[in-house]
Amino acid sequence: MTGLSVETLAAAAPGPITSAGDAQLGVAVLAGIAVIVLLITRLKMHAFLALTVGSLALGSFAGAPLNKTIASFTAGLGATVAGVGVLIALGAVLGRLLADSGGADEIVDTILARARGRAMPWAMVLIASVIGLPLFFEVGIVLLIPVVLLVARRGGYSLMRIGVPALAGLSVMHGLIPPHPGPLVAVDALHANLGVTLALGVLVAVPTVVIAGPLFSRYAARWVDIPAPEPRAPERPPVEAAHRPRFGATVFTVLLPVALMLVKALVDIVVDDPADPVQKVADVVGSPLIALLAAVLVGMFTLGRAAGFTRERLSSTVEKSLAPIAGILLIVGAGGGFKQTLIDAGVGQMVLDVSKDWSVPALLLAWLIAVAIRLATGSATVATISAAGLVAPLAAGMSTTETALLVLAIGAGSLFFSHVNDAGFWLVKEYFGMTVGQTLKTWSVMETVISVSGLGFVLLLSLVL
């Protein structure tokens, strides 16, 4: 794929690959998704392989020639990886720098030192939200769970009162805020403005995480009252305070890409003149690639060098950060291939026609589709990618704001009711030492609160903006 641009890859897509009617396409979609669900849940097949096989099954059930289905899938895979692959890699590097340098420890210790009593749940949600910006959900769990258990044991707090806000902060960031893979792919698939999506995502995320975190944790603590177990997360010795980067420098580095992308969104709204020098500068520094690259380069000094990293240690940290994301990139790429197969088969147009016939609002329809796929597959990323492909035609005539809200509706739907087919469900269950029933009453309900609240705030913004 070396040397191919996104435009070249997109042009390689074969266009319509079948002339099947709506009924056959509907059956093909259900069959393709059913294949993916069965392969992931029953046969425990890796999501990359399941999405690949499911894409081929979708094309076959739709009556498309196999060579055209393969061309659609590979074009979609290549275009998706070209569009978001580098961003995911840069986000992984920044997250690893934050963890290895002790920057995450510095954020945690600084905030906890200033929080007492009733403020503790709010402190935990703040910590999780800040750390969750550059980190993948699983990495954030490994970093935060030992802190949650330690705070609960030493302070005599209810485990759910402390743990639920931390989980809510991580989950909301994962589902709604770029540069996490799901939101990035949805932005790319729907051709949304990343800066506007990020700005609106923050507006939705703040009240959502308050409701699902500190407020819901009061009820979760009543439903499940268990002592904090010994840490089951892999022990990661904290970096000594003398060798950590400063709190202000750490927060500045983490928030730098967000600030740059928000500045670009603001300039787009205020200036709105491609020939204006300010607009040109903002378009460059606020592009996701430059914003994240700038944060990584700055982080090498404010995080790595501040922690005493040598050049060799910095190089090793970057190298170690890239290996674990290979699986994520393959899943995202295969999801893009599945999305392109859906589009080229004409499924998107079919959804557009159905939405008109049923008079279902686009935002609600996108949320419902993401919810259905999330419940079936257990993967928020797969749900986001697949739903984005299905509703892509709905974004054709939308404004910049409407398209951004469509991305957020999909992201909210992708978090709905995590249960036994979701790896995150078992991760939380084991780390917190809960039974399946207790995990359903806390983690699963919290995810549902996030999803429904997120949709509610998205719909509210659609009425105001």
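All values below come from the heavy atoms of this structure, side chains included, with hydrogens, waters and symmetry mates left out.
Proximity of a side-chain donor or acceptor of Ser418 to a complementary backbone N or O of Ser444 within less than 3.5 Å is not detected. Listed for the Thr448 side chain is no donor-acceptor partner under 3.5 Å among the backbone atoms of Phe416.
Note that NE2 of His419 is 9.0 Å distant from CZ of Phe425, once rounded to the nearest 0.5 Å. A distance of 11.5 Å separates CG of Leu51 from CG of Leu58, quoted to the nearest 0.5 Å. Interatomic distance, Ile331 CD1 to Ile385 CD1, rounded to the nearest 0.5 Å: 8.5 Å.
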Donor-acceptor contacts under 3.5 Å from residues 166-177 side chains, at least two apart:
from: Ser171; atom 1: OG; to: Glu447; atom 2: OE1; distance (Å): 2.5
from: Ser171; atom 1: OG; to: Glu447; atom 2: OE2; distance (Å): 3.4

Under 3.5 Å, which donor-acceptor pairs do the side chains of residues 193-208 form with other protein atoms, sequence neighbours left out?
from: Asn193; atom 1: OD1; to: Gly195; atom 2: N; distance (Å): 3.0
from: Asn193; atom 1: OD1; to: Val196; atom 2: N; distance (Å): 2.9
from: Thr197; atom 1: OG1; to: Asn193; atom 2: O; distance (Å): 2.7
from: Thr208; atom 1: OG1; to: Val204; atom 2: O; distance (Å): 2.7

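For Phe309, the side chain to side chain contact (heavy atoms under 4.5 Å, CB included) partners two or more places apart in sequence, or in a different chain, are Asp100, Ser101, Ala307, Arg313, Leu314, Thr317. In this structure Thr253 satisfies the side-chain hydrogen bond (donor to acceptor under 3.5 Å, both in side chains) test together with Thr302, sequence neighbours excluded. With sequence neighbours excluded, the residues that form a side-chain hydrogen bond (donor to acceptor under 3.5 Å, both in side chains) with Asp109 are Arg244.
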Could you walk me through whether Leu408 and Phe457 pass the side-chain contact (heavy atoms from CB on, under 4.5 Å) check?
CA-CA 10 Å; Leu408 297 177; Phe457 290 116; over 6 Å; no

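For Ser217 and Arg161, the side-chain atoms include at least one donor-acceptor pair closer than 3.5 Å.
Relative ring orientation between Trp223 and Tyr219 is described as tilted, the plane-to-plane angle lying within the 30° to 60° band.
Residues Lys441 and Met160 are not in side-chain contact: their nearest non-hydrogen atoms beyond the backbone lie 4.5 Å or more apart.
The ring-ring contact (aromatic ring centres under 6.0 Å, His included) contacts involving residues 87-131 comprise nothing, where partners must be two or more places apart or lie in separate chains.
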